[in-house]
Enquirer: 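The following block contains the structure, expressed as structure tokens.
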Amino acid sequence: MTDVSLGMPQLPAADYPAEVRARLEADAKDIIARYPDSRSALLPLLHLTQSVDGYVTRTGIRFCAEQLELTTAEVTAVATFYSMYRRKPSGDYQVGVCTNTLCAVMGGDAIFDELKEHLGVGNNETTPDGKVTLEHIECNAACDFAPVVMVNWEFFDNQTPASAKRLVDDLIAGREVRPTRGAPLCTYKETARILAGFPDQRPGAVEATGGAGPASLAGLRLSRGEALSGADSGQPVRRSSVPQQGETPAASSGAPGHPSPAEHASSHDAPQETAVSDPANPAGPESEEGK
Ligand code: FES
């Protein structure tokens, strides 16, 4: 058999057992039906294969390619671009220590070093029992709770080396562990299925997060040039902060008590009128008309 797009003999990759493949095909059909263009389903499909294999295998790549009529090279390019897809087997719990600037100075580096020592593994390595994979992670936009540790993408805020060691010990021992916020913790494979877009069926999971709410077709409508209504998001339509035709800036102001852009004093909101910091240009930037 030949992979026509690559013009090369197809790499042999073991197929899924018939029962697993039938289940995956049914799930894939469900995922693909969500999108106007089938190739848009690639990211959730990769999560789906991770929910079975624990990482992106060659079998999983070939499965995605077949379902979406893509080449295995195209699927591989996407799977190797995003860090949320694993390229080798990982533990039940992916323990990520944020070592970006703020977390690092607040103790993230110390936590990572202590966990390496405590678990006897390096970055991106898994404990011999297959329970915990340790890794550096980049900023997860939770800097105000630094230093942050994430387990299967659930947040554990304001950690210390001692609390992080307790956390991994509890994970390994199978004791209950609760994230600081969000849904209850589940294994890497279970998380992958939720990320593929299947509902979290665990008791209390929806209550913990408030749920995702009804599906929105707002993006699809916008792409077709249709006007949005409040029903698209279940919320009243948010007004633009940019003045519309016939409006004064004040009239286009957002939430009550929130100044319009024209009134806002922050230097980050608009270019300054003068160039005090640029002695070579004391009059400020030349306007387009003046050129
Ligand atoms: S630097 Fe760690 S969450 Fe932002």
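Since the structure is predicted, the reported quantities are computational estimates derived from the model, not experimental observations. Atoms within each ligand, like the ligands themselves, are counted from 1 in listed order.
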Enquirer: Assess, by modelled atom type and distance only, whether the side chains of D53 and T57 contain a donor and an acceptor separated by less than 3.5 Å.
Expert: yes
Enquirer: Taking atom types as modelled, is there a side-chain donor on T126 or T133 under 3.5 Å from an acceptor on the other?
Expert: yes
Enquirer: Are there over 12 heavy-atom neighbours, none belonging to R181, within less than 6.0 Å of that residue's CZ?
Expert: yes
Enquirer: Show the atoms of ligand 1 that are less than 4.0 angstrom away from any heavy atom in C103.
Expert: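 So the atoms of ligand 1 that pass are 1 (S), 2 (Fe), 3 (S).
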Enquirer: Please indicate whether E25 has more than 12 foreign heavy atoms, meaning atoms of other residues, nucleotides or ligands, lying under 6.0 Å from its CD.
Expert: yes
Enquirer: State the atoms of ligand 1, each with its element, that fall below the 4.0 Å cut-off from a heavy-atom position in N140.
Expert: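 Contacts of ligand 1 toward N140, numbered from 1: 3 (S).
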Enquirer: Would K88 and E125 count as a salt bridge (charged side-chain N to carboxylate O under 4.0 Å, His left out) here? Give the steps.
Expert: CA-CA 10 Å; K88 59 182 187 178; E125 289 180 0; over 6 Å; no
Enquirer: With heavy-atom distances below 4.0 Å as the criterion, list the atoms of ligand 1 near N100.
Expert: 1 (S)
Enquirer: Answer yes or no for A146: is there a heavy-atom contact with ligand 1 below 4.0 Å?
Expert: no
Enquirer: Heavy-atom contacts with C98 under 4.0 Å: which atoms of ligand 1 show up? List them by number with element.
Expert: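 Close to C98: 1 (S), 2 (Fe), 3 (S).
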